[in-house]
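The next block holds one structure in the form of C-alpha cells; read it before the comments.
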Amino acid sequence: MIIISDTSPLSALAEIGELEILPALYGKIVIPETVRRECSHPHAPPALAVWLAKTGSKVVIVPDPVPLTTEASDLDPGEAAAISLAWLHREDSLLIVDDKDGRKLCKALGLAMTGTAGLLLAAARRGLVNFEDVIQRLQATSFRLHPSVLDDLRQKL
C-alpha cells in the first residue's frame, strides 16, 4: 500500500511532536513535491522541516502529478497534488488529508483516506501513543475537531 500525505496532517503532527508515528504505522510515506515545499515554508512548524531533512527513506518525494480534475485544482496546491497522486495509485493507496473540501472530493472519487485524528487513533490502538493525551495536545493547536467526530473516535478505541 502507498501512503500519501497532504501538508496539513504533517503540520498537525509536527505541532504535537508526533511525526514519528507515521513511519511507526506505515514504514514510509509518499509526498508530492508541492507538499515538500509547503512543509519547508517559513510558516510551517519548524519541526516539520527538520523532520523532513532527517527522515531519509521514510519519506519519498515524487514529482507533482498533473491535476486530476478542475475540482482538485480549486484546492490548495499541495492538497490537489496529493489527491491527484492518490488517484493515480487509487487501487492501493491511502491518502492522509484533513481539509473538508479535499475529503469531500476524495469521498466522491472513492479514494481511501484518513486524517490526523484517524492516524492518532491507529497509533493509540497499536500502543504507540495515549489517545487522550495526543488529542488534548492536538486541540491545544489551531486544529479543529468536531465533538461528534471525537466521540466516534473514542468509541473505536
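Just so it is clear, the values below take in all heavy atoms, side chains as well, and ignore hydrogens, waters and symmetry mates.
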Tell me the closest heavy-atom pair linking [X] and [Y], and the distance in Å.
X     : Y     : answer
Pro9  : Asp6  : CD-O, 3.4 Å
Pro45 : Ala14 : CB-CB, 3.9 Å
Cys39 : Leu52 : CB-CD1, 3.3 Å
Ala82 : Pro32 : N-CG, 3.7 Å
Val30 : Ile2  : CG2-CG2, 3.9 Å

Assigning hydrophobic clusters by single linkage (Ile, Leu, Val, Met, Phe, Trp, Tyr; side-chain heavy-atom cutoff under 4.5 Å), is [X] placed with [Y]?
X      : Y      : value
Val129 : Ile3   : yes
Val60  : Met1   : no
Leu94  : Val62  : no
Leu138 : Trp51  : yes
Ile16  : Leu145 : yes

Self-check item: SB check Arg154 Glu132 (cutoff 4.0 Å)
Solution: yes
Quiz item: Would you call Asp133 and Arg137 a salt bridge, using N to O less than 4.0 angstrom?
Solution: yes
[atom1]/[X] to [atom2]/[Y] distance, rounded to the nearest 0.5 angstrom?
X      : Y      : atom1 : atom2 : result
Ser11  : Glu38  : OG    : CD    : 8.5 Å
Leu13  : Ile96  : CG    : CD1   : 8.0 Å
Leu85  : Glu33  : CG    : CD    : 12.5 Å
Arg36  : Ile31  : CZ    : CD1   : 7.5 Å
Gln155 : Leu121 : CD    : CG    : 11.5 Å
Phe131 : Leu150 : CZ    : CG    : 5.5 Å

Got [X] and [Y] here, is their nearest side-chain heavy-atom distance under 4.5 Å?
X      : Y      : result
Phe143 : Asp98  : yes
Ile29  : Leu10  : yes
Asp76  : Asp99  : no
Leu119 : Glu18  : no
Lys58  : Leu19  : no
Thr55  : Leu22  : no
Ile83  : Cys106 : yes
Leu120 : Leu153 : no

Quiz prompt | Contact list for residues 113-122, test salt bridge (Lys or Arg N to Asp or Glu O under 4.0 Å), sequence neighbours left out | solution = none
Is a side-chain donor or acceptor of [X] paired with a backbone partner of [Y] at a separation under 3.5 angstrom?
X     : Y     : result
Ser84 : Pro65 : no
Arg90 : Trp87 : yes
Asp64 : Thr34 : yes

Quiz prompt | Gln139, CD: over 12 other non-hydrogen atoms inside 6.0 angstrom | solution = yes
Practice problem: Kindly write out the residues that satisfy side chain to side chain donor-acceptor pair (under 3.5 Å) with Arg103, not counting sequence neighbours, or none if the list is empty. | Solution: none
